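The block underneath contains the structure these notes are about, expressed in structure tokens.
Side chains are part of it too, since the values below use all heavy atoms of this structure and drop only hydrogens, waters and symmetry mates. Quantities reported herein were computed from a predicted structural model and do not represent experimental measurements.
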Amino acid sequence: PRYMLNSLIIAVIALVARILFSTLASYAFAFFEFKGKNFLFFLIVGTMMIPSEALLISNYLTVSKLGLLNTYAGILCVYFVSATQVFMFRQSFKTISGSLREAAYIDGCGDLQFYAQICMPVSKPVITALGLSTFVNLWNTYLWPLLVTDKAEMRTIQVGITLLSNAETNSKGNVFAGVVLALVPMLFIFAF
């Protein structure tokens with residue numbers, strides 16, 4: 001139960017933060033004009049070509065130096081922003097008419113109000129699709145939580161499942177039971 005709770009906490013907090021940060025960054029890229037906007041956007045999109053495994057050592061050293069090992073903050077800090085989501089939300093926001101934004105400004109709607117009351121409701125399908133994908137990916141993450149945690153109370157469900165198997169016993173019953181328990185939240189998410 002503790003491993004499932006840890007996975008749930010990590011997945012929910014990272015999901016909310018990732019959608020919030022990605023939508024705010026995408027709003028800026030879609031609607032604001034500033035120097036170097038296109039270069040910065042292509043730099044962010046370019047990070048999608050870097051595999052996350054290539055950053056493990058540098059991320060681990062940073063988290064270790066900050067004293068965030070065995071903490072939720074240490075696990076979560078690498079999941080707060082996604083270049084893929086910034087790209088997808090930007091594309092979604094680009095479909096909103098410029099005349100709608102101008103009309104909203106004439107009616108006294110500021111940037112945050114336009115973001116919250118027009119852009120976010122229009123982007124509900126994108127938020128849902130990316131939210132589901134993000135939750136599943138964060139729930140199933142294995143390598144990063146394994147690296148930054150060595151206390152049992154901070155382990156996630158995927159790490160816990162691997163701890164059920166050992167070389168001395170050939171029984172896979174515990175592992176399969178753990179896998180079924182790990183799949184239950186995914187079934188509820190997709191049913192919802």
Side-chain angles (χ1 to χ4, degrees), residues 1-26 47-48 50-86 88-89 116 120-121 123-192:
R2 177 64 190 206
Y3 296 162
M4 288 185 79
L5 178 65
N6 289 340
S7 290
L8 184 66
I9 289 169
I10 290 164
V12 169
I13 291 173
L15 170 68
V16 171
R18 189 179 277 190
I19 287 179
L20 178 68
F21 293 146
S22 297
T23 55
L24 287 171
S26 301
T47 63
M48 291 191 309
I50 302 171
S52 60
E53 291 80 10
L55 302 173
L56 279 177
I57 294 172
S58 62
N59 286 342
Y60 180 82
L61 292 174
T62 302
V63 167
S64 177
K65 287 177 185 174
L66 292 172
L68 296 176
L69 296 177
N70 292 309
T71 64
Y72 287 120
I75 298 171
L76 288 168
C77 66
V78 298
Y79 298 125
F80 282 157
V81 179
S82 167
T84 305
Q85 287 191 357
V86 171
M88 295 297 286
F89 281 119
M120 294 305 282
S123 300
K124 280 183 185 176
V126 178
I127 292 170
T128 303
L130 291 176
L132 281 172
S133 172
T134 298
F135 186 85
V136 170
N137 287 338
L138 293 171
W139 180 267
N140 290 325
T141 191
Y142 172 74
L143 190 55
W144 181 250
L146 177 67
L147 287 176
V148 297
T149 61
D150 59 4
K151 293 183 180 175
E153 61 269 7
M154 291 305 298
R155 300 282 186 172
T156 60
I157 187 70
Q158 301 304 330
V159 176
I161 289 172
T162 61
L163 297 176
L164 294 173
S165 176
N166 58 35
E168 297 165 4
T169 63
N170 201 13
S171 173
K172 299 294 181 194
N174 291 340
V175 175
F176 290 140
V179 168
V180 169
L181 287 176
L183 288 175
V184 168
M186 296 300 101
L187 294 175
F188 283 118
I189 293 289
F190 280 111
F192 176 72

(message) Working to the nearest 0.5 angstrom, can you tell me the gap between Gln158 CD and Leu143 CG?
(response) 12.5 Å
(request) Measure the OG1-OH distance between Thr134 and Tyr79 for me, rounded to the nearest 0.5 Å. (result) 12.0 Å
(message) Using every non-hydrogen atom in the two residues, find where Ala25 and Val86 come nearest and quote the distance to one decimal.
(response) CB-CG2, 4.3 Å
(request) Return the minimal non-hydrogen interatomic distance between Thr47 and Ala83, and the atom names on each side. (result) OG1-CB, 3.4 Å
With a 3.5 Å cut-off and sequence neighbours excluded, list the donor-acceptor pairs that the side chains of residues 54-65 form with protein atoms.
from	atom 1	to	atom 2	distance (Å)
Ser58	OG	Leu55	O	3.2
Asn59	ND2	Leu55	O	3.3
Thr62	OG1	Ser58	O	2.9

(request) With rounding to the nearest 0.5 Å, note down the distance linking CE in Met4 to CD1 in Ile157. (result) 5.5 Å
(message) Do Phe135 and Leu8 have side chains that approach each other closer than 4.5 Å (heavy atoms only, starting at C-beta)?
(response) yes
(message) Nearest 0.5 angstrom please: Thr71 OG1 to Lys151 NZ, how far?
(response) 9.5 Å
(message) Do Tyr72 and Ile13 make a side-chain contact, defined as non-hydrogen atoms from C-beta onward lying under 4.5 Å apart?
(response) no
(message) Can you tell me how far apart CG (Leu130) and OG (Ser22) are? Round to the nearest 0.5 Å.
(response) 8.0 Å
(message) Which heavy atom of Arg2 sits nearest to which heavy atom of Glu153, and what is that distance?
(response) NE-O, 2.9 Å
(message) Test of understanding: with side-chain contact (heavy atoms from CB on, under 4.5 Å), list the residues that count as partners of Ile127, not counting sequence neighbours.
(response) Ile19, Phe89, Met120, Ser123
Compile the donor-acceptor pairs under 3.5 Å between side chains in residues 174-192 and protein atoms, sequence neighbours left out, one pair per line.
none

(request) Could you pull out the closest heavy-atom pair between Cys77 and Gly74, with the gap in Å? (result) SG-O, 3.5 Å
(request) Quick one: pull up CG in Asn137 and OG1 in Thr141 and give me the separation to the nearest 0.5 Å. (result) 8.5 Å
(message) If the condition is side chain to side chain donor-acceptor pair (under 3.5 Å), which residues does Ser26 pass it with, not counting sequence neighbours?
(response) none
(message) Holding to side chain to side chain donor-acceptor pair (under 3.5 Å), I want the full list of residues that pass it with Tyr3, two or more places apart in sequence or in another chain.
(response) none
(request) Please name all residues satisfying side-chain contact (heavy atoms from CB on, under 4.5 Å) with Thr149, sequence neighbours left out, ordered by chain then number. (result) Asn70, Ile75, Met154, Arg155
(message) I need the minimum non-hydrogen distance between Phe80 and Phe21, along with the two atoms involved.
(response) O-CD1, 3.5 Å
(message) Would the distance check show the side chain of Thr156 and the main-chain N or O of Pro145 forming a donor-acceptor pair, the cut-off being under 3.5 Å?
(response) no
(message) A side-chain contact here means heavy atoms from C-beta on lying under 4.5 Å apart; do Leu76 and Ile10 qualify?
(response) yes
(message) Tell me the closest heavy-atom pair linking Pro121 and Ala116, and the distance in Å.
(response) CD-O, 3.4 Å
